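This report refers to the structure that appears directly beneath it.
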Amino acid sequence: MEQAIGLTVNGRRHEIRPGPEVSLLDVLRGELGLAGPKFGCGAGLCGACFVLLDGQPRSSCDLPASAAAERDVVTVEGLAGPDGGAHPVQEAFIDEQAAQCGYCTAGMVISAVALLRSVPDPTAEQVREAMNGNLCRCGAHGRVLRAVLRAARVRAAGAQA
Amino acid sequence: VTGRLDFAVAGVVTVGTGKVEYGQGVWTALAQIAAEELDVALHRVRVAPVSTATSPDEGVTSGSRSIEESGGALREACARARSTLVREAAARLGTGAAGLGVRDGEVVTADGGTGLTYWSLDRAAETGADAGVAGDAGAASEVGVAGGNTEVVGKPAVEWSVAGRSAPRVDIPDKVTGRPRFIHDLVLPGMLFGRVVRPPAPAAELERLGDADLPAGVVEVVTDGSFLGVVAETDAIARAAAGLLRRAARWKVRESLPDEDDLKGFLLGEPAETAVIVSRRDPAAAGDVARTLTAEFSRPFIAHASMAPSCAIARVDGPEITVWSHSQGIFALRGALAAGLGVEPGHVTVTYAEGAGVYGHNGADDAALDAVLLARAPACRGRPVRVLWSREDELGWAPFGSAMLARLSAGLGADGRIRSWRQEVWSNGFLGRPGIGGQPRLLALAHLAGGEPLPAALDGPPVPTIGSARNSAPGYDVPDLEVIRHRLLTSPLRTSSLRSLGGFLNVFAIESFMDELAGAAGADPVEFRLAHLSDPRGRRVIEEAAAMAGWPRAAVAGTDAGPAVGPGAGTAAGLAAGPDTGLGVGYARYKGTSGYCAAVAEVEAGAEVRVRRLWLAVDVGRVINPDGVVNQVEGGAVQAASWTLRERVRFDRSRVTSVGWDSYPILRFDEVPEVAVRIVAAPGEPETGAGEVAQGPVAGAIGNAVAAAVGARVRDLPLTRDQVIRAIERD
């Protein structure tokens with residue numbers, strides 16, 4: 001029988017018994033029913049499955065679930081504020097209409113949230129660099145860039161107010 | 001909803017369409033059209049699920065035709081419904097229709113509301129109490145005919161208040177918050193999970209399965225000829241089992257692929273069907289040529305490279321086959337599944353579920369057959385089976401856009417004007433969708449016992465609007481013109497529709513060649529184009545894009561730039577914007593009959609070719625959702641830049657080798673250009689699509705900008721560093 005492990009996902013603790021080839025993404029989508037992180041490549045090369053792992057953006061498709069034991073996982077579903085409202089980065093993506101098909105969007109939002117936590121007022125170059133692990137085939141990059149910069153502006157304005 | 005419109009839910013208008021949403025925003029635009037013509041608030045409009053069981057068959061959602069086709073039908077249905085509502089209200093109120101209006105679905109007079117709405121009159125009609133507003137477009141039109149009122153037309157664009165303005169996309173909030181939206185997110189009760197173990201090469205036969213110690217949770221292993229798949233209780237188990245089966249299986253692999261380093265030799269050497277696309281000969285003009293230029297342009301095979309691997313769900317219950325698919329053409333898929341499986345189409349239902357972005361005929365339809373083949377296994381009957389492709393299969397087995405070669409020659413008169421143009425194109429076909437040529441063309445049919453290799457893709461009638469000949473006739477004023485197409489009859493790699501079809505390479509070739517001709521004529525590239533373009537809408541987008549970019553030397557109306565003067569004017573060197581940087585222009589009217597687009601690119605050709613900025617001006621006729629158009633054009637431009645700079649399907653003599661993001665790189669965040677898009681207003685012109693207009697012009701603009709930057713022309717895509725160095729050494 002597989003070893004039971006505990007992990008915290010979006011603030012809730014879960015106990016799971018993952019099989020040997022079960023990824024964190026398998027657990028999130030398959031067992032916990034979270035549709036936000038997507039399967040894109042299975043090799044950590046496209047960013048569609050990004051989650052925050054102890055606050056850092058990380059692909060979940062190539063991470064064995066067992067490696068997430070006793071760690072804190074946040075998916076795009078877990079970004080909402082205490083009132084259930086969308087996260088400022090999510091609001092900014094909507095305001096800028098920063099998606100076409102949207103399959104990569106959840107991973108993009110995760111990378112952007114992580115960036116703004118460490119660099120609250122990034123330059124466009126810093127955003128491009130931080131988002132470089134997130135592929136987009138529809139070509140929504142310019143909108144995503146604007147959305148991340150907008151989220152930073154909105155937060156700065158909110159902090160001053 | 002079998003018709004266009006349904007008012008069964010109070011306060012809600014449900015719109016029926018056969019066109020599907022895959023992030024291009026078509027459902028938002030259709031909702032805007034309905035809200036506009038019905039005079040209801042946009043938030044009241046819902047798009048009904050698209051299914052072969054209930055939706056109008058509007059063919060395939062492709063070719064930038066949705067707004068023209070579905071939008072037109074919807075506009076008419078809504079205008080008729082509004083007219084019927086007003087007439088019925090007038091009869092009840094005992095007044096003339098002239099004084100009545102509609103406000104958010106309610107009939108109003110000068111004194112205010114009447115309580116008569118689409119929903120109240122529709123219910124009255126349903127109970128048979130009255131001949132009210134019919135819920136179905138067909139019925140509505142019959143009412144219209146009975147009333148002697150057949151002349152119902154949509155509002156003129158100048159009266160629009162909902163259409164014609166940017167509306168937020170209806171699907172984006174779900175996508176940024178991670179709510180289930182995609183077929184990949186769909187969880188049906190009792191669902192099983194399947195994976196297919198594809199052959200290791202296009203020409204491979206399964207010799208033996210070998211011994212695999214499969215994990216607990218495997219429900220069924222399906223083998224049929226060289227088709228091998230596995231079904232399990234979870235996707236993780238199915239994926240692990242597929243890996244074990246793959247390692248255990250023994251295949252006989254044949255070398256069937258051409259030499260990737262000699263694609264021109266392949267294209268010129270295979271048997272082909274030759275057709276005259278355009279023959280508009282003008283012997284007087286052809287006889288007045290002072291100088292003839294010739295050149296050859298090519299592109300490699302290009303992959304769709306969708307962000308999501310193809311996915312489908314199927315349930316087989318007795319004779320009934322139910323499929324969920326992200327196919328662009330659910331009716332064609334139903335027909336192909338029925339033909340391929342030898343069942344009656346009436347027993348097959350296909351319902352659309354959204355996938356990732358679609359740029360042509362990808363693996364969606366193939367995955368649907370995979371799912372049925374697994375779901376009909378005895379242990380899976382009655383349960384939905386979901387199939388998910390791997391990234392490797394998505395990049396290796398979805399159809400490709402064909403490699404192409406275009407050979408151009410043109411004659412200039414002594415006055416520097418083009419007298420004659422000849423274009424000859426070699427390519428595999430672009431029409432390989434399910435049902436084309438009466439053949440199902442679904443991948444697994446080639447692998448099943450007794451299966452035949454999939455037939456080569458067709459290419460459409462001999463006209464310059466379709467297939468590899470799309471945009472093969474330059475849109476410029478050329479007196480003597482001949483265009484020839486050679487469609488390859490063999491297809492070692494499977495090809496089908498990819499965004500803009502042959503338009504991408506044809507426009508890249510034409511626009512590159514226009515710059516070469518301009519150089520030979522000593523003319524500025526923008527001026528040279530304008531001098532050969534009498535279509536005012538085409539001239540307008542070129543002038544606009546040049547103005548946006550601050551095109552340096554052209555005498556362009558609406559810019560501050562002066563006329564072309566001084567040393568270097570009209571030569572590539574004159575457009576060098578700095579060391580290793582250059583500007584280039586590209587233009588086309590998509591298909592020769594659809595939307596207009598001009599692009600200016602600024603590139604930096606250092607260690608790598610980098611596109612820094614793109615400026616695009618488009619005229620796509622009347623616009624329903626301006627931000628939707630801009631989004632489509634921006635995305636098309638970025639994807640075209642990626643094709644132009646990077647993309648090339650790699651293969652050895654037996655198998656495709658570019659099956660991961662490391663071996664099939666696309667442009668990343670730090671490489672994508674800044675893109676500026678301007679819509680040139682044309683409210684009096686019919687709407688065209690916008691999703692494909694940018695592909696060719698952007699490639700042409702980048703190629704010309706690279707030539708301006710390095711002083712040598714790269715004619716073979718992609719424009720990699722190696723190609724640039726080769727061109728510099730050659731020139």
Side-chain angles (χ1 to χ4, degrees), chain A residues 18-23 26-27 29-31 33-43 45-46 48 75-77 79-80 86-87 89-91 93-95 97-106 108-109 125 127-145, chain B residues 22-25 166 168-169 171-182 184-185 187 193 215 217 234-237 239-240 243 304-309 354-359 388 390-391 627-628 631-632 634-639 641-642 660-662 666-670 672 674-675:
Chain A
E21 290 192 46
V22 172
S23 67
D26 289 325
V27 171
R29 290 186 62 87
E31 295 189 34
L34 295 167
K38 306 295 186 206
F39 178 85
C41 68
L45 294 176
C46 75
T75 71
V76 72
E77 290 96 333
L79 295 174
H87 186 278
V89 168
Q90 292 169 318
E91 294 282 4
F93 269 66
I94 295 171
D95 290 340
Q97 295 284 290
Q100 266 188 39
C101 82
Y103 198 82
C104 68
T105 303
M108 296 261 184
V109 168
E125 279 316 301
V127 176
R128 283 172 178 265
E129 196 179 319
M131 308 296 291
N132 220 27
N134 294 89
L135 295 182
C136 166
R137 185 52 162 166
C138 298
H141 305 75
R143 287 164 181 261
V144 171
L145 177 63
Chain B
Y22 40 77
Q24 83 281 43
S166 292
R169 287 237 316 270
D171 51 329
I172 285 185
D174 282 353
K175 290 171 177 177
V176 302
T177 53
R179 280 193 286 270
R181 177 92 205 178
F182 296 94
H184 308 75
D185 306 332
V187 180
F193 296 83
T234 70
D235 181 52
I237 296 171
R239 194 178 63 228
H304 293 259
S306 174
M307 284 302 296
E354 197 170 340
V358 180
Y359 322 105
L388 179 66
S390 65
R391 169 54 45 196
D627 188 57
N631 198 347
Q632 282 295 294
E634 285 173 353
V638 169
Q639 193 173 85
S642 185
W661 290 120
D662 43 0
I666 62 173
L667 280 196
R668 288 176 176 273
F669 253 101
D670 63 352
V672 298
E674 276 180 48
V675 184

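Only a predicted model underlies this, so the values are computations on that prediction, with no experimental measurement involved. In the text below, chain A, chain B and the rest are named by the order of the sequence lines, each starting its count at 1.
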* Between chain B and each of A:Gln97, A:Glu21, A:Arg29, count heavy-atom pairs under 4.5 Å; write down the option with the most. => A:Gln97

* Which region of B:Gln24, side chain (C-beta onward) or backbone (N, CA, C, O), has a non-hydrogen atom less than 4.5 Å from a non-hydrogen atom of chain A, or is it both or neither? -> neither

* To do: Against chain A, label B:Thr177 side chain, backbone, both or neither, depending on which of its atoms sit under 4.5 Å from a heavy atom there.
  => both

* What closest approach, in Å, do B:Ala236 and A:Val22 show between heavy atoms, and which atom pair accounts for it? -> CB-CG2, 4.0 Å

* Considering all heavy atoms, the nearest A:Val144-B:Phe669 contact -> CG1-CZ, 3.6 Å

* Structure fact -> Whatever's closer than 4.5 Å to a heavy atom in chain A on B:Phe182 counts as side chain

* Decide side chain to side chain contact (heavy atoms under 4.5 Å, CB included) for B:Met307 and A:Thr105; before the verdict, give the C-alpha distance in whole Å, the side-chain angles of both, and the deciding distance to 0.1 Å. => CA-CA 11 Å; B:Met307 284 302 296; A:Thr105 303; over 6 Å; no

* Is there a donor-acceptor pair under 3.5 Å between the side chain of B:Arg181 and the backbone N or O of A:Ala35? -> no

* Structure fact -> If you tally heavy-atom pairs under 4.5 Å between each of B:Ser642, B:Pro168, B:Gly660 and chain A, the highest tally belongs to B:Pro168

* Structure fact -> Value for SG (A:Cys101) from OH (B:Tyr359), rounded to nearest 0.5 Å, stands at 5.0 Å

* Charged N-O contact under 4.0 Å between A:Asp26 and B:Arg239 -> yes

* Structure fact -> Greatest number of non-hydrogen atom pairs under 4.5 angstrom with chain B, of A:Gly40, A:Gly36, A:Gly102, A:Ala106, falls to A:Gly40

* Hey, mind stepping through B:Glu634 and A:Arg143 against side chain to side chain contact (heavy atoms under 4.5 Å, CB included) and telling me if it holds? -> CA-CA 9 Å; B:Glu634 285 173 353; A:Arg143 287 164 181 261; 2.6 Å; yes

* Quick one: of B:Asn631, B:Val358, B:Asp670, B:Asp171, who has the most non-hydrogen atom pairs under 4.5 Å with chain A? -> B:Asn631

* For A:Val109 and B:Val176, work out which heavy atoms get closest and say how close. => CG2-O, 4.3 Å

* **Heavy-atom pair count under 4.5 Å with chain A, highest-scoring of B:Gly357, B:Pro180, B:Ala308, B:Ala240** => B:Ala308

* Structure fact -> Separation between CG (B:Asp662) and CG (A:Leu45), nearest 0.5 Å, reads 5.5 Å

* To do: Quick one: which of A:Cys46, A:Ala98, A:Ala140 has the most heavy-atom pairs under 4.5 Å with chain B, could you say?
  => A:Cys46

* To do: Tell me, for B:Val672 versus chain A, whether the close heavy atoms (under 4.5 Å) come from the side chain, the backbone, both or neither.
  => both

* Check each atom of B:Phe193 against the heavy atoms of chain A and say whether the ones under 4.5 Å are side chain, backbone, both or neither. => neither

* Who among A:Arg137, A:Met131, A:Arg128 has the most heavy-atom pairs with chain B under 4.5 Å? -> A:Arg137

* Can you tell which of B:Asp235, B:Asp185, B:Thr234, B:Leu388 has the highest number of heavy-atom pairs within less than 4.5 Å of chain A? -> B:Asp185

* When you measure from the side chain of B:Arg668 to the backbone N and O of A:Asn132, does any donor-acceptor pair fall under 3.5 Å? -> yes

* Asked: Is it the side chain or the backbone of A:Glu77 that comes within 4.5 Å of chain B heavy atoms, both, or neither?
  -> both

* Does B:Arg169 use its side chain to pair, donor to acceptor, with the backbone of A:Gln100 at less than 3.5 Å? -> yes

